[in-house]
Amino acid sequence: MRKGKKIALHTKIVIGLIAGIIFGTLFSVSPTKLEIKSGGMLREIQDWQEINYLRKDSVIKTFDANSQIGIIKFFKNTKDKKDLNIDVKFPNGTNERINGISSVEKVKTIGMALKPLGDIFIRLLNMIAVPLVLASLIVGAASLSDLKHIAKIGGKTIGFYALTALIAISMGLILANIMQPGSFMPPETKDRLLETFQDDAKTRIDQNVSLNIVDFLVNIVPKNPFAAIMEGNFLQVVLFSILVGIFLTQIPGEKSKTILNFFDGLSETMIKLVEKIMLIAPYAVFTLIAATVAEFGFNILQTLLLYSLTVILGLALITFLEYPLLLKAFTKIKIKDFFKTQRPVIAVAFSTSSSAATLPVTMDVCEKKLGVPNKIASFVLPLGTTINMDGTALYQAVAAMFIAQVYGFDLTLTQQLTIVLTASLAAIGTAPVPGIGLIMLIIVLQSIGVPEEGIALIIGVDRLLDMCRTVPNVIADSLACVVIANSEGELKRIDTTDVA
Ligand code: ASP
């Protein structure tokens, strides 16, 4: 590189991501160490052979050397912690007894210490997301001028999103049928996972999501749009904004102009803000990835390797095969150039696991780099962020098949077609924030009669897969944006120089 040449921001972000992976790996949390608090004293124990939980002196639960998560969760999930003691057996035959324990945790490392910077970054992006969706959709819908035009662009957008969702779910089903990730899980592993994560699963199941299409449609209409904005209910905010945008064009010009100028200004301010926030992205991405890698229980990944590989392979196929094919079929943009512009989008989606937090970046990139006019980007992207989740849909299809296979269900064609329908709806209903895809999976499981407690089997790797599935979720939005702008003859020249 020439001396004095500035490193492009997207390159810095990629460097932050890679450095984060390396740093997190170097300072990863050890799976054979525990920090136990008792009587105000912290004790670190490591390399145990067996750990017994005792109530007074009687053993109530035994764990072996590979059960760090189980040991921690057992303590968390035990309601009555009075007289709870631990007896640690070491391989050399010695024992250590710890009485009156008040916490059992992993031993933290420096890999996790910098995470607050990453948390601030995510919060800043989330802070922008709701006002941006509101303002840009109002302006977007209003600037599409008449109802016919909105219906045309809206129809194309929803049609494109439906097409990619169907491909994604079918891909997930095909891969799960070929690779059969759930058919090889030993029953002991199944029991162990179900036991370890049963309480986490229950918390999610208690959120009571259910598949009732009528309720689903009714609930998209906000009773109070301000409450929807406050709660960050994206579907409701989207509907409200589109309606306001449409009807703004039908009131006298001098009145609508004032409101439009207001929201236009708000939306531009948010975009300006994101350009500045992105300056800390390389460091924030570094801290987020370092903390996740450091904390992630890689031994659980081994247990769920085939399942995780099936999901990741499916996500890779839609991202690097399907999307380039669609890009070629519908536009003249070079695949390489398209992906080059998507680098910051991918890095932010991967490190935050949130399409909503990534939206400001996606908007910036689509308008400034991919040459999509504001009126199309500000309509297609917020809508896509909310309803278009190919990665999540594929993941839900594979996860449902996996859980069914572990439980020994042989799903019929009709049941698999039910997955296509319910996973499409579940993905639409998934809020664009971390971890919701897993909760909405419960709907898919209910529809095919597979026990919903089965989500306990996959919770351990959900964070990692959430990071991965959020990437196609956001790339598909950018893709739809260029495809629709191109079909309207409105795509300007692509610019692949530095972003932001
Ligand atoms: N994290 C995903 C997103 O924001 C949603 C999910 O699948 O949980 O796109």
Side-chain angles (χ1 to χ4, degrees), residues 156-179 181 307-330 335 338-339 342 345-346 349-350 353-355 358 362 380-381 383-404 411 413 415-432 436-441 443-445 447-448 458 462 464-484:
K156 278 187 192 175
T157 310
I158 291 174
F160 189 79
Y161 288 155
L163 170 79
T164 57
L166 283 182
I167 299 178
I169 297 171
S170 312
M171 178 81 79
L173 289 178
I174 294 171
L175 286 177
N177 277 301
I178 298 175
M179 296 178 64
Y307 160 68
S308 306
L309 283 180
T310 313
V311 176
I312 292 171
L313 177 65
L315 297 175
L317 283 173
I318 57 171
T319 309
F320 300 113
L321 188 71
E322 178 201 341
Y323 296 164
L325 286 175
L326 291 174
L327 188 74
K328 270 253 143 311
F330 289 111
I335 296 168
F338 176 78
F339 277 98
Q342 293 303 294
V345 175
I346 295 173
F350 187 71
S353 296
S354 167
S355 303
T358 317
T362 323
V380 174
L381 289 176
L383 192 62
T385 301
T386 314
I387 64 169
N388 178 41
M389 301 213 182
D390 293 355
T392 299
L394 179 140
Y395 150 83
Q396 285 166 340
V398 176
M401 290 289 288
F402 171 76
I403 296 171
L411 295 185
L413 189 64
Q415 281 172 308
Q416 299 205 20
L417 289 175
T418 310
I419 295 183
V420 175
L421 180 72
T422 48
S424 316
L425 290 174
I428 294 175
T430 300
I436 306 296
L438 177 72
I439 296 173
M440 298 306 280
L441 170 65
I443 291 181
V444 184
L445 296 178
S447 73
I448 48 170
I458 54 169
D462 193 62
L464 177 78
L465 297 183
D466 196 4
M467 293 162 79
C468 300
R469 69 188 180 243
T470 307
V471 171
N473 283 358
V474 294
I475 296 187
D477 298 338
S478 301
L479 177 68
C481 222
V482 287
V483 167
I484 286 155

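Contact check for F160 versus N388: no side-chain heavy atoms found under the 4.5 Å cut-off. In this structure, the side chains of T362 and T385 stay at 4.5 Å or more apart for every pair of heavy atoms. I458 has its side chain within reach of Y307: a pair of non-hydrogen atoms, C-beta onward, lies under 4.5 Å apart. Between T358 and N473, the closest side-chain pair of non-hydrogen atoms is not below 4.5 Å. Side-chain contact between I443 and L425 is absent, with no heavy-atom pair separated by less than 4.5 Å. Counting heavy atoms from C-beta on, the side chains of L317 and L394 never come closer than 4.5 Å. Residues D466 and T470 have side chains in contact (heavy-atom distance under 4.5 Å, counting atoms from C-beta outward). You'll find the side chain of R469 stays beyond 4.5 Å of the side chain of V311, heavy atoms only.
No donor-acceptor distance shorter than 3.5 angstrom exists from the side chain of D477 to the backbone of L381, with no hydrogens or angles considered. Side-chain atoms of S355 never come within 3.5 Å of backbone atoms of T386 as a donor-acceptor pair (strictly under, hydrogens ignored).
Annotation: the span from I318 atom CD1 to I475 atom CD1 amounts to 9.0 Å, rounded to 0.5 Å. Taking CG from L313 and OG from S308, the interatomic distance works out to 12.0 Å, rounded to the nearest 0.5 Å. Here CD1 of I428 is found 10.0 Å from CE of M440. Values are rounded to the nearest 0.5 Å. Separation of atoms CD1 (I436) and OG (S354) is listed at 10.0 Å; rounding is to 0.5 Å. To the nearest 0.5 Å, the span separating CD1 on I169 from OG1 on T392 amounts to 10.5 Å. Distance check, rounded to the nearest 0.5 Å: CG of L411 to CD1 of I448 gives 5.0 Å.
Across A176 and M401, no two heavy atoms sit closer than the pair CB-CB, 3.6 Å. For the residue pair T418 and S447, the shortest heavy atom distance occurs at CG2-OG, 3.7 Å. Smallest separation of non-hydrogen atoms from P432 and M389: CA-CE, 3.6 Å. For the residue pair A426 and V444, the shortest heavy atom distance occurs at CB-CG2, 4.0 Å. Looking at every heavy atom in both residues, G391 comes nearest to P472 through CA-CG, 3.9 Å. Looking at every heavy atom in both residues, G314 comes nearest to L175 through CA-CD1, 3.3 Å.
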- [ ] Start with the C-alpha distance between I403 and L441, add both sets of side-chain angles, then the distance that settles side chain to side chain contact (heavy atoms under 4.5 Å, CB included), and finish with yes or no.
- [x] CA-CA 11 Å; I403 296 171; L441 170 65; 4.3 Å; yes
- [ ] Begin with the C-alpha distance, continue with both residues' side-chain angles, and end with the deciding distance and a verdict on side chain to side chain contact (heavy atoms under 4.5 Å, CB included) for V471 and L315.
- [x] CA-CA 9 Å; V471 171; L315 297 175; over 6 Å; no
Open item on the list: Please determine whether side chain to side chain contact (heavy atoms under 4.5 Å, CB included) holds for the pair S478 and F338, giving the CA-CA distance in whole Å, both sets of side-chain angles, and the decisive distance to 0.1 Å.
Closed with: CA-CA 9 Å; S478 301; F338 176 78; 4.0 Å; yes
Task: Working for side chain to side chain contact (heavy atoms under 4.5 Å, CB included), residues T430 and Q396 - done: CA-CA 11 Å; T430 300; Q396 285 166 340; 3.7 Å; yes
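For the salt bridge (Lys or Arg N to Asp or Glu O under 4.0 Å) test, residues two or more places apart in sequence or in another chain that qualify with K156 are E488. The side chain to side chain contact (heavy atoms under 4.5 Å, CB included) check on I335 picks up P324, L327, K328, F339, with sequence neighbours excluded.
A side-chain hydrogen bond (donor to acceptor under 3.5 Å, both in side chains) check over residues 159-178, counting only residues at least two apart or in different chains, returns the pairs T164-D390, N177-Q416.
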